[in-house]
Amino acid sequence: MDAISPFPICFLILLLSLPPPARADLPGTWELLIPNAGIASMHTAVTRFNTVILLDRTNIGPSRKLLPKNNCRLYKNHAVSKLDCYAHSILFDPKTNQLRPLKILTDTWCSSGQFLPNGTLLQTGGDLDGFKKLRKFNPCDVNGSCDWEELNDVELSEGRWYATNQILPDGSIIIIGGRGSNTVEFYPKRKNDVVFSFPFLSETEDTQMDNLYPYVHLLPNGKLFVFANTKSVMYDFVENRVVRVYPELNGGPRNYPSAGSSVMLALEGEFSDAVVVVCGGAEYGAFIERSVDTPAHGSCGRIMATGSDPVWEMEDMPFERIMGDMVMLPNGDVLIINGAMKGTQGFELASNPCLNPVLYRPSEPIGLRFMVLNPGTVPRLYHSTANLLPDGRVLLAGSNPHVLYRFDVEFPTELRIEAFSPEYLGLDKANIRPEILEISETVSYGMSFDVVVSVPLPVVGIIEVNLGSAPFATHSFSQGQRLVKLVVSSAVPDGDGRWRIGCTAPPSGMVAPPGYYMAFAVNQGVPSVARWVHVS
Ligand SMILES: *[C@@H]1O[C@H](CO)[C@@H](O)[C@H](O)[C@H]1NC(C)=O
Ligand SMILES: *[C@@H]1O[C@H](CO)[C@@H](O)[C@H](O)[C@H]1NC(C)=O
């Protein structure tokens, strides 16, 4: 009697000798937008002109993009030469794939940022001469002349390197933490320049400094959820007081340099609940030991931050992951993309790129929430970014695990810009994809307004109207990222294939701080192209 038939063995050998299968069977598609952007983006933000600001650090030697002629900058801290004729920031138009070099003067290495209510990006801190700097960028389209503006009449009260910024309900910005700064401060400044001590940041500092780039989410009750290392609190920034201490999250440190990520799930309904998710991270010690091959963690914790007795509900991702970016998609699902499966954050400190994005579907029951998506081909490790575009694609930029630009190594400085299209952009969804025909350009809190859409197939039930913020993405966390699902009435036919949806603007700045949002109409999970709406 044959113990083993020869067929399975041949089959197995055949399988092992084949190249990895092209995973056309997995959802999502990839496209290369720009083979050489000239810079590796460390910080990325989408503007209300549908352009994208990409920003590296300035103290890094030649990039691969020259500034326009006669526009060099003199830079005493330059690692290579004092006359720097290279761009370290660009403005990119993902519709036409055009780009334009921008000129930034002081060092932005590991800085932070947030859009102001009028759509200007406020960008803060960095290293060396940038440590206390504030900068502004009044955006424009790619052919415009907008550029970085360094503020000379005001500076941060403390140097901020690896801090997190969050816009507040009144449109001011809080700037939290940073290396050696366990404090918070505000823009515009409050109470004559004082910084406010925030002992939570000292309590969560360890020898690896796992409290950097804290995860900050503005809860709909107007308090901040702040997560650092393994701990989190509800913080009343008006009174400078911790009002709640959450249980510790198991599974190791999560913030820089241990490289997890976090989102607050879509706010909806009565806007009384907010759920925060924290995913992935490095093994404690990997950073101190400079380990490139310690397996990362794959666990996610999920907590009802506004609940009366909240606990972390744990779930494992299909892959362990560090430096994954969590991107809120227009329909409320979360895309987890970029990063590696081994090592930690920092120069030369990771291996085994995690090329498969994963979709997290919050409304599914535990165990069914993750879906593995079509893998990419470009490793995106330390200093890479992911941002939702107004057309529903996700823009991937950067990756530079080296001190300077290097191209002769296994994970070179990455100058390619790509886009990942989630399954909702597939051709088979074209018949249910809405298009926004009419929407107010500005709405005030609590106001009722109509949105008119067209959809090829007749609409059944609800078309959502969801507002996505434009966050500042850096170091695998998107500062200020939020999605607000408006209260809507069922779409009613409005003639000629048009549908009218009655919407109520967000009730307050606690739910949606003032500013420009991408308004998406979403039909059965499929989003329209967004229109920018100013909420105030
Ligand atoms: C937005 O406001 C800031 C001041 O808070 C100002 O510096 C900036 O120029 C304004 N932007 C625009 C486009 O008006
Ligand atoms: C910018 O200008 C170029 C060349 O004149 C043009 O082809 C392109 O469409 C313009 N882009 C935008 C966004 O206006």
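Being a predicted model, the structure only gives us computed values, none of them experimental. The first residue in the sequence is number 1, and the count goes up from there. Whatever order the structure lists them in is the order used to number ligands and atoms, beginning at 1.
- Judged by distance alone, the side chains of T51 and D93 never bring a donor and an acceptor atom under 3.5 Å apart.
- Salt bridge present: E418 and R380 bring a charged side-chain N and a carboxylate O closer than 4.0 Å.
- Taking the six-membered ring where tryptophan is involved, the planes of H475 and Y162 are perpendicular, since the angle between them exceeds 60° and thus also 30°.
- Taking a heavy-atom cut-off of under 4.0 Å, ligand 1 is surrounded by N118, T120, K136, N138, Y187.
- Closest approach of I463 and V455 over heavy atoms only: CD1-CG2, 4.0 Å.
- Aromatic rings from F200 and F198 are positioned such that their centres are separated by under 6.0 Å.
- Residue-to-ligand polar distances place N143 within reach of ligand 2: an N/O pair is separated by less than 3.5 Å.
- Under the 4.0 angstrom criterion for non-hydrogen atoms, K95 is not in contact with ligand 2.
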Kindly list each side-chain donor-acceptor pair under 3.5 angstrom involving residues 436-445, sequence neighbours excluded, with atom names and distances?
from	atom 1	to	atom 2	distance (Å)
E438	OE2	R498	NH2	3.2
Y445	OH	A512	O	2.6

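- Results of the side-chain hydrogen bond (donor to acceptor under 3.5 Å, both in side chains) test with Y405 over T413, D56, N400 single out D56 as the only residue that passes.
- Atoms of ligand 2 found under 4.0 Å from any heavy atom of D93 (numbered from 1 in listed order, with element): 13 (C).
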